[in-house]
Amino acid sequence: MDMKVQMLGTGSAFAKAFHNNNALFTVDGRRLLVDCGITAPKALHELGYSFNDLDAVLITHIHGDHIGGLEEFAFQMKFIYGRKPTLYIADTLAEPLWENSLKGGLQQNPSDTLSDYFVLRPIAEGIVHELLPGLQVELIATNHIPNKANYSLLFNGFFFYSGDIVFDGELLESLVSKRGVQLIFHDCQLHPPGVVHACLSQLLTLPAHIQERLYLMHYGDDQPEFIGRTGLMRFIEQQKTYELARLTFAGQSGMIE
Ligand SMILES: O=c1ccn([C@@H]2O[C@@H]3COP(=O)(O)O[C@H]3[C@H]2O)c(=O)[nH]1
Ligand SMILES: [Zn+2]
Ligand SMILES: [Zn+2]
């Protein structure tokens, strides 16, 4: 199986040198977008893709850098391409996504709802769902903003992709030691304090066997100043394609991509 990930962007919500932290998964030629932020339409365009090249989108939580491009996605698919893409979203987030974020722009008739634009696939936490042939996900509820639902993603049982989350060393240890996670993509705020995100100084306290599996994303514009200052962890670069099978063994063989 050919499984790749390419970040449309690796920036924090306020970054200007990097696009929003959204990921494009390609599995045997099918494409899933993980989060569709404000910069996603332009970031896709820069890579030579249109929205019509996507099979589905999966949303981690409701912040602009993760959902701000959905209105354009929905309108383009309806009025230019004439088809509904699949929207995977936690069952707890579907209504707030429509009522609190998308309805104002997308509702044209009083009866319009998310299902008029997307094939809506609400997914429950803790249950494995197949998103594309060969790509499964389990949603894991994680902490980001108090009282605000947020989900991280466990792909194919071995790859943990953080939604925006605060530092949780116990969760990471348990994922690696009990659940067999081999690869972690983690949001990283470069400067403390890590109030709603994990910050680099916290991630640097992780033991070597976790750091060597962990790649940093969702960082600020001064990221170049931190190259070489991340312990055994590495930065993911936006727009670069990573073969997941090779990344999985990075910790053991030293291969990066
Ligand atoms: O209680 C809060 C809520 C939000 N924020 C900022 O707004 C940003 C929203 O997107 P984000 O989740 O990628 O990052 C968040 C932070 O940068 C914050 O600092 N404290
Ligand atoms: Zn974010
Ligand atoms: Zn967020």
Side-chain angles (χ1 to χ4, degrees), residues 5-25 32-44 57-73 87-102 104-105 123 125 137 139-155 159-168 171-172 184-203 214-223 225-226 230 233 235-239:
V5 62
Q6 183 176 30
M7 301 300 295
L8 297 189
T10 50
S12 69
F14 306 151
K16 298 295 173 275
F18 305 106
H19 292 310
N20 294 156
N21 198 84
N22 307 158
L24 183 63
F25 284 72
L32 169 81
L33 183 61
V34 173
D35 288 330
C36 182
I38 298 159
T39 63
K42 185 150 189 256
L44 271 175
V57 60
L58 167 65
I59 297 299
T60 59
H61 70 293
I62 302 178
H63 269 155
D65 55 322
H66 302 265
I67 57 125
L70 282 178
E71 179 181 307
E72 182 174 339
F73 188 14
L87 169 62
Y88 294 108
I89 186 162
D91 46 14
T92 58
L93 290 179
E95 187 185 345
L97 175 67
W98 177 253
E99 292 294 331
N100 303 340
S101 294
L102 296 180
I123 56 183
E125 179 199 351
V137 77
L139 297 189
I140 300 176
T142 39
N143 297 322
H144 176 33
I145 310 280
N147 304 313
K148 189 170 170 66
N150 169 279
Y151 296 89
S152 293
L153 313 170
L154 180 58
F155 289 107
F159 174 22
F160 179 78
Y161 181 103
S162 75
D164 294 348
I165 61 175
V166 295
F167 181 70
D168 189 343
L171 171 68
L172 297 174
I184 299 166
F185 278 20
H186 206 295
D187 56 306
C188 173
Q189 183 179 300
L190 296 168
H191 299 273
V195 179
V196 301
H197 292 280
C199 67
L200 178 58
S201 55
Q202 293 172 310
L203 291 164
L214 196 151
Y215 290 75
L216 305 166
M217 59 184 185
H218 205 292
Y219 40 73
D221 282 342
D222 57 351
Q223 175 262 355
E225 294 169 28
F226 289 83
T230 59
M233 302 175 287
F235 285 111
I236 311 168
E237 293 177 39
Q238 71 176 24
Q239 300 188 331

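FYI, side chains are in, hydrogens and waters are out, and symmetry mates aren't considered; it's all heavy atoms of this structure. For ligands, and for the atoms within them, numbers begin at 1 and follow the listed sequence.
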With a cut-off of 4.0 Å, which atoms of ligand 1 are near a heavy atom of [X]?
X: His218; value: 13 (O)
X: His144; value: 12 (O)
X: His197; value: 11 (P), 12 (O), 13 (O), 14 (O), 15 (C)

Which protein non-hydrogen atom lies closest to [atom], naming both residue and atom, and how far is it?
atom: atom 4 (C) of ligand 1; answer: Ile145 CD1, 4.1 Å
atom: atom 19 (O) of ligand 1; answer: Val196 CG2, 4.1 Å
atom: atom 17 (O) of ligand 1; answer: Phe14 CE1, 3.5 Å

> Taking only residues two or more places apart in sequence, or in another chain, which ones meet Val196 in a side-chain contact (heavy atoms from CB on, under 4.5 Å)?
Replying inline: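 If we apply the side-chain contact (heavy atoms from CB on, under 4.5 Å) test to Val196, skipping adjacent residues, the hits are His144, Ile145.
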> Just how far is it from atom CD1 of Ile236 to atom CG of Leu216, taken to the nearest 0.5 Å?
Replying inline: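 Ile236 CD1 to Leu216 CG: 7.5 Å, rounded to 0.5 Å.
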> How long is the span from the CG atom in Leu93 to the OG atom in Ser101, to the nearest 0.5 Å?
Replying inline: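 If I round to the nearest 0.5 Å, the distance is 10.0 Å.
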Donor-acceptor pair, [X] side chain versus [Y] backbone, under 3.5 Å?
X: Asn143; Y: Val166; value: no
X: Asn22; Y: Asp65; value: yes
X: Asp187; Y: His197; value: no

>> Checking side-chain polar atoms at under 3.5 Å, does Tyr161 have a donor or acceptor matched by the opposite partner on Thr60?
In response: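 Absent: no donor and acceptor within the cut-off.
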> So, for Tyr219 and Phe226, is the gap between ring centers shorter than 6.0 Å?
Replying inline: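 No.
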> By residue and atom, what protein N/O/S atoms are less than 2.8 Å from the Zn ion (ligand 2)?
Replying inline: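 Near the Zn ion (ligand 2), the protein supplies Asp65 OD2, His66 NE2, Asp164 OD2, His218 NE2.
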>> Heavy-atom distances under 4.0 Å decide this one: backbone, side chain, both or neither, for Asn21 against ligand 1?
In response: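 The answer is neither; Asn21 stays 4.0 Å or more away.
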>> Test your reading of the structure: does His61 have an N or O sitting under 3.5 Å from an N or O of ligand 1?
In response: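 His61 vs ligand 1: no N/O contact under 3.5 Å.
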> Among Asn150, Asp164, Ile165, which one has a heavy atom closest to atom 11 (P) of ligand 1?
Replying inline: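 Heavy atom nearest to atom 11 (P) of ligand 1 belongs to Asp164.
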> Just going by heavy-atom distances, which of Ala13, Gly11, Gly194 is nearest to atom 10 (O) of ligand 1?
Replying inline: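 The residue whose heavy atom sits nearest atom 10 (O) of ligand 1 is Ala13.
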